[in-house]
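Heads up, the thing below is written out as structure tokens.
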Amino acid sequence: MSTCPSCKRDLRDAVMVPASASSLEFQEYADNVVITNSGFYGAHQLKTTEWFFLARYLLMLLRFTARNQTSNVRKCLASLLPSVSCLKPPITGLGFEMLPTSERANFLESVGVLIRTGPEHFRSAVLAHSLTGMSLRQGWQILPQYIHDIVQEIPQLARSRSTNIAVVSAPKSKQTVLYKWARLQRKIRRFP
């Protein structure tokens, strides 16, 4: 039990790194959710499966913001918790379980804060930053109930940004057309 399966070293000789209090707080809260068979999202009580589904969704959203430093989702989450700026883009695309413990601790701390804030604050931040349903959905077909309710309230697609289309004006005069035609012929004659 105290031997590393890959390198065969004694784990009792390893340098111990203390865990952060906030990530331990999230772990203890998650353990309590399993024991009591319910958890809270802000002041709203959720079943265990719904709570972990929400935690998984928020973790995905935080990982997205870590990868996309300039996204509106990041700005929205930064308004809810200042520690979003501490989330650095992962060096690899590894699964959450394979990330270094310090990165996992930062993510879990942020998930815990978002869960404690509740859906009302999350909804107001989403509306304040004009997020779309697609930006919150991130490819997920099924969303946690409270997130689904928020997504139903906001526009699903981004505003279309129209380009400047040249206004069709009156036809050019015969003289202008002949001038441009002669110029084009001169250009063509330059090339053999």
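Numbers here simply count residues along the sequence, with the first being 1.
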request  = Using only heavy-atom distances, determine whether the side chains of N32 and E28 contain a donor-acceptor pair under 3.5 Å.
outcome  = no
inquiry  = Tell me whether T176 contacts the main-chain N or O of K172 through its side chain, where contact means a donor paired with an acceptor under 3.5 Å.
reply    = no
task = Give, for atom CG of L59 and atom CZ of F64, the distance between the pair rounded to the nearest 0.5 Å.
result = 14.0 Å
key: Euclidean distance, L143 CG relative to I150 CD1, rounded to 0.5 Å   = 10.0 Å
inquiry  = Using side-chain contact (heavy atoms from CB on, under 4.5 Å), reason through V151 and R137 one step at a time and then give a plain yes or no.
reply    = CA-CA 8 Å; V151 167; R137 198 171 278 283; 3.8 Å; yes
message = Tell me whether H129 contacts the main-chain N or O of A125 through its side chain, where contact means a donor paired with an acceptor under 3.5 Å.
response = yes
task = Assess whether salt bridge (charged side-chain N to carboxylate O under 4.0 Å, His left out) is satisfied between E103 and R63, documenting all intermediate values.
result = CA-CA 10 Å; E103 288 182 31; R63 290 193 74 184; over 6 Å; no
ask   = What about Y41 and W51, are their ring centers closer than 6.0 Å?
value = no
query = Can you find a pair of side-chain heavy atoms, one from L114 and one from Y57, that are under 4.5 Å apart?
reply = no
query = Under a 4.5 Å cut-off applied to non-hydrogen side-chain atoms, are R56 and M60 in contact?
reply = no
task = Could you tell me whether the side chain of Q138 reaches within less than 4.5 Å of the side chain of L61, counting heavy atoms only?
result = yes
query = Taking the side chain as C-beta and beyond, is there a heavy-atom pair between V111 and F26 under 4.5 Å?
reply = yes
inquiry  = Looking at I142, I want to see if its CD1 is surrounded by more than 12 non-hydrogen atoms of other residues, nucleotides or ligands under 6.0 Å.
reply    = no
Worked check of side-chain contact (heavy atoms from CB on, under 4.5 Å) between I154 and L136 = CA-CA 10 Å; I154 59 178; L136 285 180; 3.8 Å; yes
query = What do you reckon, is CD of Q175 surrounded by more than 12 foreign heavy atoms closer than 6.0 Å?
reply = no
query = With side chains defined as the heavy atoms from C-beta onward, is the minimum distance between F107 and L99 less than 4.5 Å?
reply = yes
key: NZ/NE/NH1/NH2 to OD/OE distance under 4.0 Å, E109 and R104   = no
task = Check whether any side-chain heavy atom of D10 lies under 4.5 Å from a side-chain heavy atom of D13, and answer yes or no.
result = yes
remark   = Rounding to 0.5 Å, atoms CZ (R74) and CG (L62) come to a distance of 9.5 Å
task = Measure the shortest side-chain to side-chain distance between K174 and V177 over non-hydrogen atoms and say whether it is less than 4.5 angstrom.
result = no
query = For the atom pair OG1 (T36) and CD (Q45), what is the distance rounded to the nearest 0.5 Å?
reply = 8.0 Å
task = Tell me whether L24 is reachable from F52 by hopping between hydrophobic residues (I, L, V, M, F, W, Y) whose side-chain heavy atoms are closer than 4.5 Å.
result = no
query = Could you state the interatomic distance from CZ (F53) to CD1 (I147), rounded to the nearest 0.5 Å?
reply = 10.0 Å
ask   = Between the side chains of H44 and E120, does any donor sit under 3.5 Å from an acceptor?
value = yes
message = For a side-chain contact (heavy atoms from CB on, under 4.5 Å) check, start with the C-alpha distance between V33 and F40, then their side-chain angles and the critical distance, and finish with the verdict.
response = CA-CA 8 Å; V33 168; F40 286 91; over 6 Å; no
inquiry  = When you compare the side chain of Q156 with that of T132, does any pair of heavy atoms fall below 4.5 Å?
reply    = no
note = In this structure, CZ of F122 is separated from OG1 of T117 (nearest 0.5 Å) by 8.5 Å
ask   = Between S110 and L87, does a side-chain contact (heavy atoms from CB on, under 4.5 Å) hold up when you go through it step by step?
value = CA-CA 9 Å; S110 299; L87 299 177; 4.3 Å; yes
request  = Mark yes when over 12 heavy atoms from residues, nucleotides or ligands other than Y179 sit less than 6.0 Å from its OH; otherwise mark no.
outcome  = no
